[in-house]
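Take a look at the structure below.
Throughout, protein chains are lettered first and strands after them, A, B, ... in sequence-line order, and every chain is numbered starting at 1.
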Amino acid sequence: MDTTELERIARQIRLRDLQAVFEAGAGHIGGEMSVIDILTALYFRVLNVWPDQPKHPDRDRFVLSKGHTACALYVTLAKRGFIPEEEISTFLQPHSRLNGHPNCNKVPGVETNTGPLGHGLPVAVGMAKAAKLSGAGYHTYVVTGDGEMQEGSNWEAIMAAAQFKLDNLTLIIDHNRFQQGAALAETNDLAPLRPKLEAFGWEVTEIDGNNMGEIVPALERRGSGPHCIVAHTNKGHGISFMQDRVEWHHKVPSKEQYEIALAELSEAL
Amino acid sequence: MNAPVNPPKLHDCRDAFASTLEQLAAENEMIVAVCNDSVGSSKLGGFKAKFGERLVNVGIAEQNMVGVGAGLANGGRLPFVCGAAPFLTGRSLEQIKADISYSNANVKLVGISSGMAYGELGPTHHSIEDFAWTRVLPNLPVIAPCDRIETAAAVAWAATYSGPCFLRLSRVGVPDLLPEGHRFELGKANLLRQGSDVTLIANGTLTHRIVKAAEILAERGIDARVLNLATVRPIDEEAIIAAARETGAIVTAEEHSIFGGLGSAVAEVVVDNAPVPMKRLGVPGVYAPTGSAEFLLDEYGMSPSAIADAAQALIKRK
């Protein structure tokens with residue numbers, strides 16, 4: 001699938017995500033908008049996956065460590081054929097399998113339960129190590145938030161991945177510069193991320209994480225060790241009044257705001 | 001002059017764990033061992049020598065260790081994740097919850113040196129909260145074998161069980177108790193001694209002490225039932241209810257805090273089904289002083305004679 005087509009799909013996913021969050025009255029829309037381009041590139045270009053065989057042993061593994069942006073993953077999985085598209089309307093409804101955080105035993109395509117931060121990367125290291133042990137050819141991708149990188153467990157995993165020489169592991173840090181309550185710069189500023197990862201023995205690519213032309217080649221890059229993509233993104237990307245505003249971490253648009261956002265995203269279609 | 005008495009041979013259950021794991025690994029190439037710089041204390045030296053590629057040492061990083069275990073299981077491996085029980089459970093409890101129990105990952109958690117095994121090293125190294133922390137988690141059997149035979153049986157069982165579990169092992173030597181060839185059955189108590197006046201229930205190293213306590217009680221004319229209850233979750237409700245109804249009093253003893261452990265688990269069954277007087281012996285909600293495991297268990301009222309005394313006193317409340 002080419003870049004233009006991927007961009008079109010990403011806009012459709014943004015639109016459906018906005019609708020789902022508005023209708024459910026909850027969600028993490030800012031971080032969803034920042035990560036959707038990456039999810040789109042993964043599921044519609046990069047990942048070897050078979051929606052009709054979600055547990056196929058040769059499938060590439062993807063872990064959404066920033067599990068609070070589950071809605072964006074559900075919309076992507078639905079669009080890719082893992083779950084019915086109409087099921088998105090059940091997001092957060094009683095007994096829906098579409099929890100506020102992804103569940104691997106309920107939702108086909110989800111590899112491990114996430115939600116508490118700092119869990120996805122260690123599990124992804126285990127997935128990549130399993131492939132090394134058996135000579136399996138699958139690749140493991142994990143997306144973390146940048147605020148999430150404040151969790152120490154991630155740095156334990158970063159050390160292990162380098163030690164294990166996991167050239168079949170790609171970490172994408174969704175670097176939108178905001179966490180729940182504040183800008184990273186005001187809490188525990190990890191930036192610049194690149195030299196830190198490099199010091200731990202990782203290969204690093206820095207990209208505009210909302211630019212499909214940069215996302216795809218970075219995801220397809222293969223090197224001699226674990227690879228980190230520092231994806232510079234915008235929280236609330238695509239919706240003018242949300243961009244780079246900390247309050248849109250989990251705020252729900254009013255009716256009026258929803259209409260504006262809908263128009264902006266629709267126009268982009 | 002008394003005839004010379006040869007003390008029974010003591011076995012470190014870690015050896016039974018390690019040798020069983022090596023046997024299983026020879027038959028099943030999916031088995032991997034994961035550890036946190038604990039090759040020696042987890043007795044994985046032999047495993048490393050035979051299956052070096054399949055030993056994943058993550059260094060001193062327990063949260064990562066548990067997550068890596070979940071990922072290995074996702075990739076089709078059968079990981080045994082080994083580490084000192086206080087750190088394996090406490091330090092990575094949320095990983096055990098989210099990545100193992102909630103995800104239902106096929107990972108076998110092996111807590112080494114549990115209870116007061118590190119007695120002299122102080123409360124940071126005492127693992128007397130691990131039953132409480134783990135037994136509230138769905139999908140996660142919690143098992144504390146009492147001797148080398150039950151340890152080997154539980155490890156063999158774990159390798160065939162499709163799902164996670166937590167094996168709680170000591171490093172303090174214990175004599176054989178169960179018969180050779182014993183097969184582990186999840187959630188089933190072993191009746192070690194029939195009795196009608198009171199029931200003594202324990203697991204791990206304490207099972208040996210309640211067996212001796214029952215012998216002391218017999219000398220006093222008291223007929224004590226003895227249950228080895230290796231599986232704390234799922235618990236053998238049937239055996240506990242029968243014990244309550246048929247003996248009318250229950251004493252539990254454990255190398256754990258009295259809050260949230262084996263005694264609490266038994267009490268939950270008793271109070272819901274057949275309320276009878278109970279006495280829960282364990283560490284009474286304090287940080288223990290320094291001392292060997294044996295010393296500390298005696299200190300907290302779990303010498304065989306003290307357990308017998310507690311049972312005798314309890315019978316008066318029936």
Ala136(A), part contacting chain B, at a heavy-atom distance under 4.5 Å: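 For Ala136(A), there is no contact with chain B at all, as no heavy atom is under 4.5 Å.
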
Examine whether an atom of Ser134(A) lies under 4.5 Å from a heavy atom of chain B, and if so say whether it belongs to the side chain, the backbone or both; otherwise answer neither.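 Both the backbone and the side chain of Ser134(A) come within 4.5 Å of chain B.
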
Any donor-acceptor pair under 3.5 Å from Ser153(A) side chain to Asn64(B) backbone: no

Backbone N or O of Ser103(B) within a donor-acceptor pair of the Asn105(A) side chain at under 3.5 Å? yes

Asp99(B) CG to Thr112(A) OG1 distance, which is reported to the nearest 0.5 Å: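 These two atoms lie 5.5 Å from each other.
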
Measure the CG-CD distance between Leu133(A) and Glu53(B) for me, rounded to the nearest 0.5 Å.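 Answer rounded to 0.5 Å: 7.0 Å.
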
What are the residues of residues 72-96 of chain B, in order of number, with any heavy atom under 4.5 angstrom from a heavy atom of chain A? Leu72(B), Asn74(B), Gly75(B), Arg77(B), Glu94(B), Gln95(B)

Best-contacting candidate, [options], against chain B by heavy atom pairs under 4.5 angstrom:
options: Gly120(A), Gly126(A), Gly115(A), Pro57(A); answer: Gly126(A)
options: Val125(A), Asn154(A), Asn113(A); answer: Asn113(A)
options: Glu111(A), Met127(A), His119(A), Lys55(A); answer: His119(A)

Which heavy atom of Gly71(B) sits nearest to which heavy atom of Ala130(A), and what is that distance?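 Answer, listing the atom of Gly71(B) first, then Ala130(A): O-CB, 4.3 Å.
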
Less than 4.5 Å apart, any side-chain heavy atom of Val58(B) and any of Glu156(A)? no

With only heavy atoms counted, which part of Val32(B) is less than 4.5 Å from chain A, the side chain, the backbone, both or neither?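 For Val32(B), the contact with chain A is made by the side chain alone.
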
For Glu29(B), is it the side chain, the backbone, both, or neither that has a heavy atom closer than 4.5 Å to a heavy atom of chain A? neither

Side chains of Tyr102(B) and Asn103(A) only: does a donor on one sit below 3.5 Å from an acceptor on the other?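 A pair is found: one side chain offers a donor N or O, the other an acceptor, under 3.5 Å apart.
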
